[in-house]
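Report on one structure; see the data block that follows.
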Amino acid sequence: MPHASERYEARYLIETPLDPEAVAGIMAGEQSCGTFIRVQGETDALRDRARAAIIGVEELEPAAAPSLPNAWLDRKAIGGPWRRARVTLSFPVANVGANLATLAATVAGNLYDLGEVTGLRLESLRLPWSFRRRFPLPAQGIAGTRRLTGVPAGVMVGSIIKPNVGLSAAETGALVGQLCAAGLDFIKDDEIAADPDHAPLAVRIPAVMAAVRRHRDRTGKAVMVAFNITDETDAMRRHADRVAREEGTCVMASLNWCGFSAIETLRRSTDLVIHGHRNGYGALSRHPWLGISFQAYQTLWRLAGVDHMHVHGLQGKFAQEDEEVVASARDCVAPLTDGTDDRVLPAFSSGQWAGTAPATHAAVGHTDLLFMAGGGIMAHPDGPAAGVASIRQAWAAVAAGRPLDAAAREHAELARALAFFGGVRG
């Protein structure tokens, strides 16, 4: 067997009516050199070199019923009990090489279709440094984002252009000017606003960056704007080049729909911050016995070279439990391997406002994060500047260990936010 440093590990949850040890062996064979039956040329020497190995099988509490339908088991008239287990497999790095798409196909490919399982979920990936270094580090990451936004410490505060779509390029530029003046560090496009007919990027990027430069020339503050350049690969490169020519610092992409290859190509072609938007991730993650956990998901995208990763938000509008959001944020700031700083910036979004700052800080325990609010800023009854102020006041109170209601007695913007948004959510 090759040295441990030449192998990577994947951990899974499985559900099956069969022996979990036997199913683990099928998984190892299917995703390396084997198939359902030994074939010509599959020698013992080849297997020793290329086969995945079972590191561990930990049986868990069984299920009362299968989590997913399975025609293969139905055809064979195999029923429960439905056994559950945690399986860890080790794969030779040499099977994959520096090929991210093939890595993903190996750890999260045909396994989901195996007839032996009624549930399978990729929980985590562990990579040796010798493998990790074959992929790019973040071009900017947390430190670069802080440098480019001029925020050396503390939470970076951002917002999203609203309405999501429909504004012309000129209207978008005017709105960005207002948001810059409101005191933001970061502004991003919505994930569904990329290159529409009514505001094409070729027109919108110059209009927005003109507003950003005016604000910078007036105040010295260069606000980071994440332009949504989601598109086919060549178009994304053209869009990124235009952003750079206009002195922009960030682009955004819908990761799941662009794919690993597009993001890898984009990373090689630009040193702009890549703001990774995970829209669609719920389709991969919401069922507890199907799909892929965020730890494994963000590992793959970090290998592609992103600098920011969305993690949703605490007490937000989406389906994830707060514990999952917190774990996702911690995954982003945990190095993938020892001895390297390849952390990426966790981007909190979805229903965030001043009132969610205490829970966020209490859960994550640090301020290396991007705290984004759409309605929490733009719907503040006293306007966007007051919305930004309320969030900064809330985070200052958190840093000082003060409750928000006490801080609100000294800050009208925070008081209005607590009264207004607290009532909306009440």
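Since this is a predicted model, take the numbers as computed values, not measurements.
- Using a distance-only test at 3.5 Å, with no hydrogens or angles considered, a donor-acceptor pair links the side chain of E232 to the main chain of D234.
- Looking only at distances, no side-chain donor or acceptor of S328 sits under 3.5 Å from a matching main-chain atom of F294.
- Between R146 and D368 there is a salt bridge, with a side-chain nitrogen of the basic residue lying less than 4.0 Å from a carboxylate oxygen of the acidic one.
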> After noting the C-alpha distance and the side-chain angles of Q140 and L148, does the key distance pass the side-chain contact (heavy atoms from CB on, under 4.5 Å) rule?
Replying inline: CA-CA 9 Å; Q140 303 297 339; L148 292 168; 4.1 Å; yes
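- Within the model, atoms CG of N95 and OG1 of T102 stand 10.5 Å from one another, a figure rounded to the nearest 0.5 Å.
- At distances below 3.5 Å, at least one donor-acceptor pair connects side-chain atoms of N228 with backbone N or O atoms of E191.
- The side-chain heavy atoms of H380 and R416, taken from C-beta on, include a pair separated by under 4.5 Å.
- No side-chain donor-acceptor contact under 3.5 Å links D185 to the backbone of T149.
- Under 3.5 Å, the side chains of T16 and E116 contain no donor-acceptor pair of N or O atoms.
- Rounding to the nearest 0.5 Å gives a distance of 12.0 Å between CG of L314 and NE2 of H312.
- Counting only heavy atoms from C-beta outward, the side chains of Q31 and V107 never approach each other to under 4.5 Å.
- For the side-chain contact (heavy atoms from CB on, under 4.5 Å) test with W129, the passing option among L336, D338, T340 is T340; the others fail.
- Proximity of a side-chain donor or acceptor of R343 to a complementary backbone N or O of A334 within less than 3.5 Å is not detected.
- For the atom pair CD1 of I391 and CD1 of I377, the computed distance is 4.0 Å after rounding to the nearest 0.5 Å.
- In this structure, V306 and P138 have side chains that are not in contact, with every pair of non-hydrogen atoms separated by 4.5 Å or more.
- Pairs of residues two or more places apart, or lying in two chains, never qualify as salt bridge (charged side-chain N to carboxylate O under 4.0 Å, His left out) while including a residue from residues 269-282.
- One N or O on the side chain of Y281 and one on the backbone of I292 form a donor-acceptor pair closer than 3.5 Å.
- Using a 4.5 Å heavy-atom threshold, the side chains of F227 and M209 count as touching.
- Within the 4.5 Å cutoff, side-chain heavy atoms of T172 are placed close to those of V208.
- Shortest non-hydrogen contact noted between L68 and L290 is CD1-CD1, 3.8 Å.
- Judged by distance alone, the side chain of Q298 and the main-chain N or O of Q295 form a donor-acceptor pair under 3.5 Å.
- The minimum heavy-atom distance between H198 and G166, with the atom names listed, is NE2-N, 3.1 Å.
- Between R330 and A363, the shortest heavy-atom distance links the atoms NH2-O, 2.6 Å.
- F186 places a side-chain heavy atom less than 4.5 Å from the side chain of C250.
- A salt bridge between R204 and D189 is present, with a side-chain N of the basic residue lying under 4.0 Å from a carboxylate O of the acidic one.
- Aromatic pair F348/F371: centroids not less than 6.0 angstrom apart.
- Residues E59 and R86 are not paired through a salt bridge, judged by the lack of any N-O separation under 4.0 Å between the basic side chain and the carboxylate.
- If you check the side chains of S254 and N279, you find a donor sitting under 3.5 Å from an acceptor.
- In this structure, NE2 in H277 is found 12.0 Å from SG in C258, a value given to the nearest 0.5 Å.
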>> Assess the residue pair M378 and L175 against the criterion (side-chain contact (heavy atoms from CB on, under 4.5 Å)); give the C-alpha distance rounded to whole Å, side-chain angles, the decisive distance to 0.1 Å, and a yes or no.
In response: CA-CA 11 Å; M378 299 178 72; L175 177 58; 3.7 Å; yes
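- With values rounded to the nearest 0.5 angstrom, R121 atom CZ is found 14.5 Å from L111 atom CG.
- Ring geometry, F135 versus F131: the interplanar angle exceeds 60°, so the pair is classed perpendicular (tilted spans 30 to 60°).
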>> For T145 and H308: C-alpha separation, side-chain torsions, deciding distance, then whether side chain to side chain donor-acceptor pair (under 3.5 Å) applies.
In response: CA-CA 9 Å; T145 301; H308 301 172; 2.8 Å; yes
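- Among all heavy-atom pairs drawn from A226 and M252, the shortest one is CB-CB, 4.1 Å.
- With ring centers used as reference points, H275 lies under 6.0 Å from H310.
- Within the 4.5 Å cutoff, no side-chain heavy atoms of T233 are placed close to those of S261.
- Residue pairs meeting the side chain to side chain donor-acceptor pair (under 3.5 Å) criterion with at least one partner in residues 393-404, sequence neighbours excluded, are Q393-E413, R402-E410.
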> Between V93 and R134, does a side-chain contact (heavy atoms from CB on, under 4.5 Å) hold up when you go through it step by step?
Replying inline: CA-CA 11 Å; V93 165; R134 300 174 73 172; 3.7 Å; yes
>> Set out, in order, the CA-CA distance, both residues' side-chain angles and the distance that settles side-chain contact (heavy atoms from CB on, under 4.5 Å) for W72 and L114, then state yes or no.
In response: CA-CA 9 Å; W72 186 87; L114 288 179; over 6 Å; no
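- Between the side chain of Q352 and the main chain of S350, a donor-acceptor pair closer than 3.5 Å is present.
- Other residues, nucleotides and ligands contribute at most 12 non-hydrogen atoms within 6.0 Å of the CD atom of E321.
- Between T270 and D241, every side-chain heavy-atom pair lies at or beyond the 4.5 Å cut-off.
- No more than 12 heavy atoms of other residues, nucleotides or ligands sit less than 6.0 Å from atom CZ of R286.
- The minimum heavy-atom distance linking M236 with D231 is given by the pair SD-O, 3.2 Å.
- Here the straight-line distance linking atom CG of D190 with atom CD1 of I160 works out to 7.5 Å at 0.5 Å rounding.
- With hydrogens and angles ignored, the 3.5 Å screen pairs a side-chain donor or acceptor of Y112 with a backbone N or O of G291.
- Minimum interatomic distance between A10 and F91 (heavy atoms only, all atoms of both residues): CB-CE1, 3.9 Å.
- Salt-bridge annotation for D307 and R267: present, with a side-chain N of the basic residue lying under 4.0 Å from a carboxylate O of the acidic one.
- For the residue pair S67/R84, the side-chain donor-acceptor check at 3.5 Å is satisfied.
- If you check the side chains of E15 and T118, you find a donor sitting under 3.5 Å from an acceptor.
- Side chain to side chain, Y297 and N256 meet the donor-acceptor criterion of an N or O pair below 3.5 Å.
- In terms of modelled atom types and a separation under 3.5 Å, the side chain of N70 and the main chain of G115 share a donor-acceptor contact.
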